[in-house]
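Working notes, structure below.
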There are 2 protein chains.
Amino acid sequence: MTQKGITLKDVAAAANVSRATAARALNSYGYVGDETALRVMEAADRLGYRGNLVAQALRSGQLPIVGFVPGDIQNPFFARIAHDIEVELRKHRHNLLIASSEENVELEKELLDSLRALSVRGFILAPTSATDSEHIVQLARAGSPIVLIDRVVKDLQCDSVVVDNEGGAREAVEYLVANGHERIGLLRDDSRIFTAQERLAGYQNSLKSHGVAFDESLIGVSRSTVEHAVEATIRLFSRRNRPTALFTVDSLMTQGALLGLRSMGLSIPHDVSLVGFDDFNLATFTDPQITVIAQPISEIGPLAAKLLLERLAGKKVAPRDIRFPTRLIVRGSVARPHRR
Amino acid sequence: MTQKGITLKDVAAAANVSRATAARALNSYGYVGDETALRVMEAADRLGYRGNLVAQALRSGQLPIVGFVPGDIQNPFFARIAHDIEVELRKHRHNLLIASSEENVELEKELLDSLRALSVRGFILAPTSATDSEHIVQLARAGSPIVLIDRVVKDLQCDSVVVDNEGGAREAVEYLVANGHERIGLLRDDSRIFTAQERLAGYQNSLKSHGVAFDESLIGVSRSTVEHAVEATIRLFSRRNRPTALFTVDSLMTQGALLGLRSMGLSIPHDVSLVGFDDFNLATFTDPQITVIAQPISEIGPLAAKLLLERLAGKKVAPRDIRFPTRLIVRGSVARPHRR
DNA sequence: ATATGACATGAGATCGATCTCACATGGCGA
DNA sequence: TCGCCATGTGAGATCGATCTCATGTCATAT
């Protein structure tokens with residue numbers, strides 16, 4: 001069934017040389033006679049020889065594969081990054097193996113284990129938990145190059161590419177405050193997640209610096225899917241004395257909030273003002289369009305890939321912590337609150 | 001740098017047996033004494049032994065990896081399928097390597113080549129071209145199990161999972177005709193793509209069966225991205241005697257059409273009725289919500305994975321061509337046309 | 001008592017590419 | 001002329017897991 005495949009041995013035989021010489025000719029190292037080299041090359045492409053990557057990997061200890069473990073590949077944010085990483089890696093003849101952790105630490109551990117067993121060369125990782133990081137630290141200690149994206153973890157020094165979550169959240173809340181809001185709701189995901197922590201901090205810092213008291217009852221927690229966010233939004237806005245504005249920490253939650261508010265008959269921005277973290281295509285489809293804190297998504301993937309490739313090439317420098325700024329994009333989802 | 005890693009040899013030494021015996025104990029085949037087996041197991045997990053998949057692959061000729069080549073991983077349709085496939089494969093300890101073809105035949109060839117060089121065990125593929133299929137046929141002939149999804153190609157008999165594109169398109173157009181439309185526009189992607197051909201056929205067949213003449217000037221062609229679709233929509237609706245209704249062949253195009261029409265100040269469904277192929281989250285976010293032809297996306301990935309796994313397990317049956325039905329979901333984007 | 005077969009184990013080959021080392025050959029300086 | 005070095009090539013080891021085959025033990029049947 002499975003075709004035999006041309007091996008180096010076949011090429012060597014065809015060129016009437018030993019395997020060693022054939023290898024030398026094809027990989028151009030050591031001494032090889034000019035004429036011999038030519039004969040080998042010629043034989044190789046006459047037979048359509050293509051090296052067996054698995055065999056090479058066995059010797060070198062590593063496959064030309066990089067593992068990517070995002071929180072959720074269906075999240076457009078990660079899908080975009082995955083795509084960008086892949087393009088960058090292909091330029092260097094590497095493959096990308098995506099294993100989505102579903103924001104589940106246990107699954108994350110398993111996935112890393114199985115990628116490790118595959119002897120992938122390096123990892124690009126968006127850790128699910130900022131604190132439960134023992135497995136990642138071990139991975140790093142075992143010598144695997146790692147680049148963290150979107151999130152970092154404690155106890156680990158390695159290259160990372162993240163955005164200014166605290167600053168972005170602060171800017172969002174400040175914008176709402178500037179528009180006269182004080183009862184500002186926050187819809188966030190699990191506090192295990194690094195970005196959730198930072199964005200919460202930005203929210204709190206901003207309130208504090210404007211002398212607005214922090215009110216626990218304005219915080220809604222949800223998993224990062226549209227469906228969960230709908231429910232969380234409804235819960236949050238069903239309480240008495242509901243928020244006049246809402247800040248959502250990622251685009252799926254923003255979409256969920258949109259649906260939830262609509263189902264409650266609350267109109268934006270008339271009844272509720274809304275600012276979301278992370279821009280998304282659909283933000284401009286709705287009426288009104290949604291004001292967001294945009295992240296430079298298109299830069300994250302390529303940069304992460306480059307950092308990793310440098311490590312794979314043996315670059316030894318101190319860990320690089322890249323942090324991109326965010327940007328407020330004002331559209332139409334914020335208005336001054338009504339007096340009741 | 002890279003940790004040495006525990007090999008079978010280490011385990012064997014620790015358990016005081018030969019590598020052969022250790023292998024037998026761990027993989028439970030052949031004869032092994034009970035006590036010996038226990039000793040080996042114990043040694044294995046005391047040392048934290050985990051087989052080297054690359055070495056295993058060298059012997060068996062195949063890595064526990066399946067390649068997935070979708071048209072575009074950023075398209076939510078394929079992202080969803082990729083995710084589902086991955087989940088299914090993991091149950092069988094296989095990894096999924098995603099390599100997006102960007103709807104480019106040349107890139108598709110390269111990707112398949114590089115996956116082949118990696119000795120992946122099988123392929124799940126959404127071919128970019130329905131006719132330029134020589135490379136896929138060769139791949140199949142070389143013995144690689146292949147499952148085609150969403151699209152099939154000529155000259156190749158293999159398992160496939162697609163939807164009833166012709167029927168779906170027909171139903172969409174029929175619904176528009178039933179609402180009094182005759183000038184029905186079609187926004188479709190490159191006719192190289194299988195689904196585009198079938199959906200065009202459905203469109204034409206439906207018109208014909210209702211005695212509506214086919215008018216070339218009602219057809220817009222665009223790449224399958226929101227941005228391109230916006231432009232194509234604008235071009236299509238800038239002509240004199242524009243369509244009163246539009247049928248778009250996938251969700252990204254539907255979104256593009258939405259934006260394009262809005263930018264031209266055309267309201268839905270007042271000025272233009274709209275039906276899209278493929279349901280999408282945002283279809284319910286817009287006002288009005290969009291009427292669509294839904295495909296059973298959640299079934300495609302798992303089924304494709306299952307079919308492939310069966311082949312990998314050695315199942316020999318005639319190629320299975322699965323074709324799912326589609327379903328019209330009526331929402332609010334269609335109305336009767338105005339008299340002008 | 002001896003043959004037979006079920007059970008148990010290890011030595012060594014194998015997968016394919018690459019690397020080390022040993023062995024040639026020839027040219028050139030001393 | 002001898003010796004050394006640059007050049008060219010091949011035999012064999014190696015990576016780690018697995019498989020074949022040979023060898024060795026016992027217990028039971030004859």
Side-chain angles (χ1 to χ4, degrees), chain A residues 1-41 43-44 47-64 93 114 116-121 142-143, chain B residues 1-41 43-44 47-64 93 116-121 143:
Chain A
M1 195 73 180
T2 310
Q3 196 121 329
K4 50 182 186 302
I6 319 300
T7 77
L8 184 63
K9 204 163 127 189
D10 301 329
V11 175
N16 243 330
V17 296
S18 69
R19 282 147 43 241
T21 302
R24 273 189 286 256
L26 293 173
N27 304 336
S28 40
Y29 69 92
Y31 291 112
V32 198
D34 291 349
E35 196 207 331
T36 315
L38 268 168
R39 217 167 61 239
V40 172
M41 309 280 213
L47 297 178
Y49 169 74
R50 25 193 62 227
N52 179 325
L53 292 183
V54 174
Q56 288 167 305
L58 178 58
R59 285 220 97 230
S60 69
Q62 290 170 326
L63 281 166
R93 322 199 133 277
S114 85
R116 177 139 61 146
L118 261 183
S119 320
V120 305
R121 293 198 62 192
Chain B
M1 194 70 183
T2 309
Q3 194 120 332
K4 51 182 185 302
I6 319 303
T7 76
L8 183 63
K9 204 163 129 189
D10 302 328
V11 175
N16 243 329
V17 295
S18 70
R19 284 149 40 242
T21 302
R24 273 188 286 256
L26 293 172
N27 303 334
S28 40
Y29 70 91
Y31 291 113
V32 198
D34 291 350
E35 196 206 333
T36 314
L38 268 168
R39 218 166 60 240
V40 172
M41 309 280 213
L47 296 178
Y49 168 75
R50 25 195 61 232
N52 180 325
L53 293 182
V54 174
Q56 288 168 307
L58 178 58
R59 284 221 95 230
S60 70
Q62 289 169 325
L63 280 166
R93 321 198 135 277
R116 177 141 59 149
L118 261 182
S119 321
V120 305
R121 292 197 63 194

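Just so we're on the same page: letters track the sequence lines, and every chain starts at 1.
- Between A:Gly51 and A:Gln56, the closest heavy-atom pair is C-OE1, 4.2 Å.
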Just the table, please: protein N/O against nucleotides 23-26 of chain D N/O, every pair under 3.5 Å.
none

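- By the 4.5 Å heavy-atom criterion applied to side chains, A:Val120 and A:Leu63 are not counted as neighbours.
- Residues B:Tyr49 and B:Thr7 share a closest heavy-atom pair of CE1-C, 3.6 Å.
- Taking every side-chain heavy atom of A:Leu58 into account, C:dG16 is the closest of D:dT18, C:dG10, C:dG16.
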Quick one: which protein N/O atoms are closer than 3.5 Å to N/O atoms of nucleotides 7-9 of chain C? Pair and distance per line, please.
{"from": "C:dC7", "atom 1": "OP2", "to": "B:Tyr31", "atom 2": "OH", "distance (Å)": "3.3"}
{"from": "C:dA8", "atom 1": "OP2", "to": "B:Val32", "atom 2": "O", "distance (Å)": "3.4"}
{"from": "C:dT9", "atom 1": "OP1", "to": "B:Thr36", "atom 2": "OG1", "distance (Å)": "2.6"}
{"from": "C:dT9", "atom 1": "OP2", "to": "B:Gly33", "atom 2": "N", "distance (Å)": "2.7"}
{"from": "C:dT9", "atom 1": "OP2", "to": "B:Thr36", "atom 2": "OG1", "distance (Å)": "3.2"}

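- Among all heavy-atom pairs drawn from B:Asp10 and B:Gly5, the shortest one is OD2-O, 3.8 Å.
- When side chains are defined from C-beta on, A:Val17 does not count as touching A:Val32, because their heavy atoms never get closer than 4.5 Å.
- Nearest to the side chain of B:Gln56, among D:dT18, D:dG16, C:dA17, sits D:dT18.
- Between A:Val11 and A:Val40, the closest heavy-atom pair is CG1-O, 3.9 Å.
- Axis angle, first five pairs versus last five pairs of the helix from C:dA1-D:dT30 to C:dA30-D:dT1: 70°, rounded to 10°.
- Note that CG of B:Asn52 is 12.0 Å distant from CD1 of B:Ile6, once rounded to the nearest 0.5 Å.
- Between A:Ala44 and A:Leu26, the shortest heavy-atom contact is CB-CD2, 3.9 Å.
- Listed candidates were D:dT18, C:dG16, C:dC19. Nearest to the side chain of A:Ala55 is C:dG16.
- Contact between the side-chain N/O atoms of B:Tyr49 and the OP1/OP2 oxygens of D:dA17 is found at a separation under 4.0 Å.
- The 5' end of DNA chain D is approached more closely, in terms of each residue's nearest nucleotide, by A:Ala22 than by the other of A:Ala22 and B:Ala20.
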